[in-house]
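Before I ask anything, let me first share the structure, which is written out below as structure tokens.
Each residue takes its place number in the sequence, starting with 1. One-based numbering, in listed order, for ligands and for the atoms of each.
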Amino acid sequence: MRGENEETIFLKDYAETPYAIERVDLDVRIAPDTAIIRALLTLVPRRGTEPGTPLVLDGAETLALRSIAIDGLPLALTAYEATPEGLTVHQPPTRRFVLETEVAVESEKNIKLMGFYRSSGTWCTQCEPEGFRRITYYLDRPDVLAPFKVRMQADKALAPVLLSNGNLVEQGNLGNGQHFAVWEDPFPKPAYLFAMVAGDLGSIHDTFTTASGRKVALGIYCTHGKEDECLYAMDSLKRSMAWDERRFGREYDLDIFNIVAVSDFNFGAMENKGLNIFNDKLVFAKPETATDADYINIESVIAHEYFHNWTGDRITCRDWFQLCLKEGLTVYRDQEFSMDERSRPVNRIEDVRQLRQTQFPEDGGPLSHPPRPDKYKEINNFYTATVYEKGAEVVRMLATLLGEAGFRKGMDLYFERHDGEATTIEAFIKVFEDSSGRDLQHFQQWYLQAGTPELDVVDRYDAAAQTYTLELTQTNPPTPGQPDKQPLVLPIQFGLIGPNGSPMSWTSVSGAEVRDDLIVLDKASATVTFTGIPNKPVPSLLRGFSAPVKLTTNATEADQLFLARHDSDPFNRWQALQDVAMKLMVDAVGGTAWSEAQTSALAEALDETLNSKELDPAYKALALSLPNDQAVARQIATDVDPDRIHAVRGQLITALVARLAPALEKIYLTNDSRLAYSPDFQQTGRRSMKNMALSLLVQGGATDATRLAREQYSRALNMTDRLAALGTVVHAWTDDAQSLLDDFRDRFTADPLVLDKWLSLNAMASDDGVVERMRAILAAPDFPRNNPNRLRALMATFGMNNPTQFARTDGAGFRFLAEFVGDVDKRNPQVAARVLTAFRIWRSYESGRRAEAEKALNALKDSGTLSRNTADILDRTLAG
Ligand code: TRP
Ligand code: ZN
């Protein structure tokens, strides 16, 4: 098998290219089957380059070289070598020269969806991280920046729309039905930000006037007939543009900003300069087919890609090890945008849930890596939750440490100092050091060290001395390749709450850096002592989840229930309820059953939350959602038996619903609105609360609840309500689950994005028939076997969100997923490798399942040649 001897790339080996590219002129003739790409690269040796140093350009198996010349003179065969890996010019000129190559590329054969490919008739590109080399020979790395000018030509009937980065400088008709467009991007950029789209597309248009008065033409391009479904994306774009001006003082910098929606895309979306390309599921929305969650995702990804214009495009990464320089920062920015547009506490809880669900298992398993890794075999495998989500948490901690104004000051300096550059994490940290005068070298370790820190806090009250003490200890467990860790800098937001529920103050505090509401723990342990404390307080620790750690404390259940009632920090109020429920479940799985007093105390706290007048419905829905099976499994961590966890969680829900059913029914009825759909925060919140109530009633076996769900399913006015009802029924796998699933498929046969929802529901069913049904779905002759959205909707959902059936004791779930990966790997290695990461938790299972998982992984290893993507994930999964 391949993989073991593949070359590893190391950060420490970073060196500039011997040649710089001063400008790029592309001439692209697009036609069915084959495109001809002529590239004129103006190259110049960098200072210090030895005369005669070979020029080595990246290439790929997609390129067929048709001609090559330097300064207009064709090269002799002995002067260069072209291979599927690249192009070497043995003795380039010692001064500025123009390299001219012409290659042929077969776009329709490109089913990997990297480089130049065709998606449902539309030609498009995906170049990040290493796709440009599949379009032409180039120095395909992020620190080679050049202005691009592109002339595109195609049949006008086949491709009336011709788009690329920057500004449209010329266009016209040619003879024999051909036409052309010339696009020029004045901003030097790395090749990964290049984009080109050609096709017969519909579009919507709008304008945005920037703070300094530049009028920007906005366009969203899509399949004909889908124009109306792009309006929410356009609205989100305009709000994003205004927000970046308000919050970060960043204006858009070109006269045109275009977005194109395509159906076949390996990721969510891509921030190409002035021409973002989107997976269509993150653009199209109408109430009948998109859920509230879809609207929320569209808003946040539109913002994310737009924000990259400054954090990614104007300032990019020196090398791919620095990926989180743009991704972590841009996720932080899009999270802040969505918080400002919707609700800070609700969004924070959801972001933290996502972090725990996706990043914590990554960081605690064989694929653990630092936000800024120092080696990789396949960069595509590092577009991870750690780089994105933990990267965002690190930026958030920086903002917490520096305060809002201090953080903004540092960001201003970042834009001023590094505009137009390809830079590093060290340079990013340095701007905050210089702007704040604070030493952040120790803080920087967050970027370099993998693993989730464990923070333990024990409190003590001395009534005689009127002192209150917190003993804080952090542990940083070893991760693959990093056996020994340093303590990290943990910003711990906190408050002390007095017996009457109001905040408590102190006369003095010692033992660590403590500000009003923040303890900074920068050592392995510290004892923080507060004086002048008249009564024993209850501490509220890690408010707002101010550091991405696992917190344990000596709080009692009574303390947690007290926090659930009185904490002024909404995040910790929510967390306290989660902690109580978690403890009951973990203890029960371990054999210690809960008492009735315990479940009624939890039910009472939930009831009180539901009745609160000041809390939002969206918040109440989150309060009602108990930690899911996977969260309980993570807490248990070893010898996990998913069936047992599933059963215990079901029992807890039944016990709670026995007490809460009347309250839940009331919520259900009072929030079941027939108002015209709007995706705003208030309506969305009422729907989530109502649907959460419904799901609990069904799971808890309340009388008539399945009838309610069935009725909601058939009379729903929007997809949110329809899918929630159906999901509830399928999850519980009631008698009519299959017939409702069939009905859903028949209603929406024509819409591939709704088909994805159907596929995901099939993948989440909890009954023993699920693997067989999924096999049948995949085997159907008309299953779209090359479309990433369809494949992920079925298989990534199964691996990540069906804990009991994926980990069946007979190994059938593991085998099914591993065989699928082996098959898809031959067509789309990126999708295959990503689905395979579902196995990252395999060592946490009890021994029987662990053995089955290992068998499935080894069978995949022995099954033949795997892509570098999949081999890399597989090797690390087995080794770690
Ligand atoms: N830069 C993109 C984003 O985060 C990510 C991306 C888009 C990507 N397409 C990709 C990453 C293909 C790897 C491969 O917004
Ligand atoms: Zn991004």
Q.
Counting only heavy atoms not in E61 (residues, nucleotides, ligands), do more than 12 fall under 6.0 Å from its CD?
A. yes

Q: Would you mind naming the N, O or S atom of E327 nearest to the Zn ion (ligand 2)?
A: OE1

Q) By number and element, which atoms of ligand 1 are closer than 4.0 Å to a non-hydrogen atom of E305? A) 3 (C), 15 (O)

Q. So, E378 versus N380: side-chain donor-acceptor pair below 3.5 Å or not?
A. yes

Q.
Nearest N/O/S atom of H304 with respect to the Zn ion (ligand 2), by atom name, please.
A. NE2

Q) Y388 heavy atoms, cut-off 4.0 Å: which ligand 1 atoms fall inside? A) 2 (C), 3 (C), 4 (O), 5 (C)

Q: Please work out whether any backbone atom (N, CA, C, O) or any side-chain heavy atom from C-beta onward of N380 is under 4.0 Å from ligand 1, and answer side chain, backbone, both or neither.
A: side chain

Q) Which option out of K326, E128, M270 puts a heavy atom nearest to atom 12 (C) of ligand 1? A) E128

Q. Of the backbone and side-chain N, O or S atoms of E305, does one lie nearer to the Zn ion (ligand 2) than 2.8 Å?
A. no

Q: Determine the minimum heavy-atom distance between T358 and A385, stating which atoms define it.
A: OG1-CB, 3.6 Å

Q) Which atoms of ligand 1 have any heavy atom of E271 under 4.0 Å away? A) 1 (N), 2 (C), 3 (C), 15 (O)

Q. Any idea which protein heavy atom is nearest atom 6 (C) of ligand 1, and the distance to it?
A. F267 CD2, 3.4 Å

Q. How close does the nearest protein non-hydrogen atom get to atom 10 (C) of ligand 1, and which residue and atom is it?
A. Q126 NE2, 3.3 Å

Q) Angle class for the F360/F545 ring planes (parallel below 30°, perpendicular above 60°, tilted otherwise)? A) tilted

Q. So, do F443 and F432 have ring centers that fall under 6.0 Å from each other?
A. no

(Q) Can you report which non-hydrogen protein atom sits closest to atom 7 (C) of ligand 1, along with the distance? (A) A269 O, 3.0 Å

Q) Where does the angle between the aromatic ring planes of F248 and F415 fall among parallel (under 30°), tilted (30 to 60°) and perpendicular (over 60°)? A) perpendicular

(Q) Suppose I only count heavy atoms of Q830 and a 4.0 Å limit; which atoms of ligand 1 are within that range? (A) 14 (C)

Q) According to the interplanar angle, ranging from 0 to 90°, do the rings of Y388 and H304 count as parallel (below 30°), tilted (30 to 60°) or perpendicular (above 60°)? A) parallel

Q. Taking the six-membered ring for Trp, are the ring centroids of Y376 and F321 within less than 6.0 Å of each other?
A. yes

